[in-house]
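In what follows, a single structure is set out as structure tokens and then discussed.
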Amino acid sequence: MTRTITIEHLARIEGHAGINVVLDGSRIERVELDVFEGIRLFEALLRGRTYLDVPGIVSRICAICSHGHTITALMAIEAALGIDVSAQTRRLRDLAFQGASIESHALHAFCLALPDFVGQPSVISLAGAQPEAVATALRLKKLGNTIQEIVGGRAVHPVNYVIGGFGKLPSVDELLLLQQSLETGLEDCEKIVALLAGVAVPAFVNEPIRCAALVPEDDAFFFGRVVRLSDGAEIPVDEYRALTNEHTVAHSHAKHSSHDGRSFMVGALARLTINGDRISGRARRVWEQVGPPLPCRNIVMNTLAQVVELAYSIERARDLVDSFLRTGFAVEPPVAYRVRAGAGTAATEVPRGTLYHHYELDSAGQVVAADVITPTAQNFANAEDQLRAAVRDAGDVDEATLRLRLEMVARAYDPCVSCSVHVMRAR
Amino acid sequence: MKPRIGIFGLSGCWGEQIVMLNCEDELLALVGAVDFADFLGGSSVNDCETRLDIAFVEGSVSGALQEKALRRIRARARLLVACGTCACFGGVSAIDDGRPRADLARAVYGRAGEGYDTASHHPLSDFVKVDARLPGCPMEKHEFLQAVACLLNGDFPPVVATPVCAECKMKEQDCLLVSRQVACAGPVTGAGCGARCPGFNVPCIGCRGPAEEANFGSMTEILLKSGFREEDIRRKLRTFAPESRT
């Protein structure tokens, strides 16, 4: 007898998605993650527009990843136009990425995922039960936003990032404010980690997780030119299509990715798996207290990997701000350049995983082709594999429990569905 | 009983829901003042049938599924607020320049795109009555909080008719359009952002949609004199609000 389990609307994720499971007795017939987000066709809309319009438009692919999209687009356009940015610009962009990481991870780990671990339907009800903890979580989230506001000009859809540099550099007063907030952030992080240490992480699925992440080319954890898979394969960013290898599937508006015919996971857990040796200091201690043991076979631990990265990002941001205050900023207007025909690819690690932007421009700087591949899109195929494993490992639990488990697996990826449906190629 | 609030997202980037969640200092007070009865983005327990005192809706309508969802929200809500530029004007994903959606979908998804439910992106007011608008991409946090306070106390949020340019002048910022010949959309874009972008030496890109009191003719004339092509000017002014065809 076949049995269907349908989760029509996944709650506490960014965007619209559902889960469909079809069982025939104990045999799993189908496990699908459905995406029915309205399609927005960004890459097709960019064609024929000037490269100057691109960052402001692609930012709108996704609010929570807007700093990542904007800066990655700038890096790809800079590559196409042959522009080299200064070390100062690179480090300020690095700071922006730390802000995005703090804000996004605090939102997902504490407001969207954690309620499941403690049996609450939302952070709103959690606020009633644990007001102190929620206030601390919100302070951390705000810290990420403060960084994004100061460096990027606005928390959602930044305005200050331009080709070759910045519209305006942060002032000393702003840096001092950040320095102070970051010190408080380190204390808040310790408080919340102490609370987390007493929370049991649900462990109901036992399945290997194949990971992919950029290899940091220097001390910047979120930037790199080569992607590495946990089975050792390496792919230069310019050849990203060999990895992301997208195909459409009938049940979803989002494309799926696979490499060598098998799915892979991107995101915090993947970064710790591939580059964990670079985590030191307080973040290393947080990892020892609450982080995932490696290799990790419990996808739900991605949320705890985000907490480790949260600690990393606060510490890294503090180091960057300290160094800016020590040396001061060089007054440098955005790099001068000439418009020319060319193609450029850039990849960065944004909170949910590797993000790729690729543009081809004609000699007038008009977009001939655009390609954006988001982490969530890369994760869909892997999420379906892990959902399948969760059904397999469930034994004969009741349906309500199984439904909650499926939701938790999907939420573990911190899916950003609004992002994923713009994954497309215009030629 | 606390006023019942619903928060909904149609086609968009989730920006307005993120702005709401970004009210970190006010969030706990807000939770105390209202009942978030239907908020799928924040809670896994929702009442999808209950009458709502206020429905906040972000995103544009891009297909039959969403039109149906929007009409259902309208039927349940005493007041409906369009949040953000997509809900108010269509937003960036409406910039298809009249090209057939099927062609665009095929360019992106190949043959698979032909079966997708996709239509041009429309503002909410094309389908239902909208009681208040909070434009902005994203909407401003302070304007959202002000709107909540107004609506809970039986008033409507103030409507700003002036352009960004007015706010820029008040802040005595250097004019990018006149003194630097940069294509700044400040003169024709609705105010409320505090002329943020020019404050960062970056031109306004019109993310709040058209100002009620704007002189498009004069703006176009200045830009033409500065050497911009008419086609590029039109494109620029329609990036966020294709409805504002001038």
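Quantities reported herein were computed from a predicted structural model and do not represent experimental measurements. Each chain gets a letter, A, B and so on, in the order its sequence line appears, and its residues count up from 1.
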Measuring only between side-chain heavy atoms, which start at C-beta, is [X] closer than 4.5 Å to [Y]?
{"X": "B:Thr239", "Y": "A:Arg49", "value": "yes"}
{"X": "A:Lys141", "Y": "B:Leu21", "value": "yes"}
{"X": "A:Glu103", "Y": "B:Asn22", "value": "yes"}
{"X": "A:Phe42", "Y": "B:Val92", "value": "yes"}

- Interface moiety of B:Glu231 toward chain A, non-hydrogen atoms closer than 4.5 Å: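 Neither part; nothing is under 4.5 Å.
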Is [X] close to chain B through its backbone or its side chain, or both, or neither, when contacts mean heavy atoms under 4.5 Å?
{"X": "A:Leu107", "value": "side chain"}
{"X": "A:Gln148", "value": "neither"}
{"X": "A:Leu112", "value": "side chain"}
{"X": "A:Val123", "value": "backbone"}

- Query: Picking from B:Gly9, B:Cys137, B:Gly41, which has the most non-hydrogen pairs under 4.5 angstrom with chain A?
  - Reply: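 Top count of heavy-atom pairs under 4.5 Å with chain A: B:Cys137.
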Distance-minimising heavy-atom pair for [X] and [Y]:
{"X": "A:Ala63", "Y": "B:Gly15", "result": "CB-CA, 3.2 Å"}
{"X": "B:Glu24", "Y": "A:Leu138", "result": "CG-O, 3.4 Å"}
{"X": "A:Arg60", "Y": "B:Cys13", "result": "O-CB, 3.2 Å"}
{"X": "B:Trp14", "Y": "A:Ile13", "result": "CZ2-O, 3.2 Å"}
{"X": "A:Ala11", "Y": "B:Ser43", "result": "CB-O, 3.3 Å"}

- Message: Counting heavy-atom pairs closer than 4.5 Å to chain B, which one of A:His157, A:Lys142, A:Lys168, A:Glu407 comes out on top?
- Response: A:Lys142
- Rounding to 0.5 Å, atoms CZ (A:Arg154) and NZ (B:Lys141) come to a distance of 13.0 Å
- Check for a donor-acceptor pair, side chain of B:Asn201 on one end and backbone N or O of A:Gly167 on the other, with a separation under 3.5 Å. yes
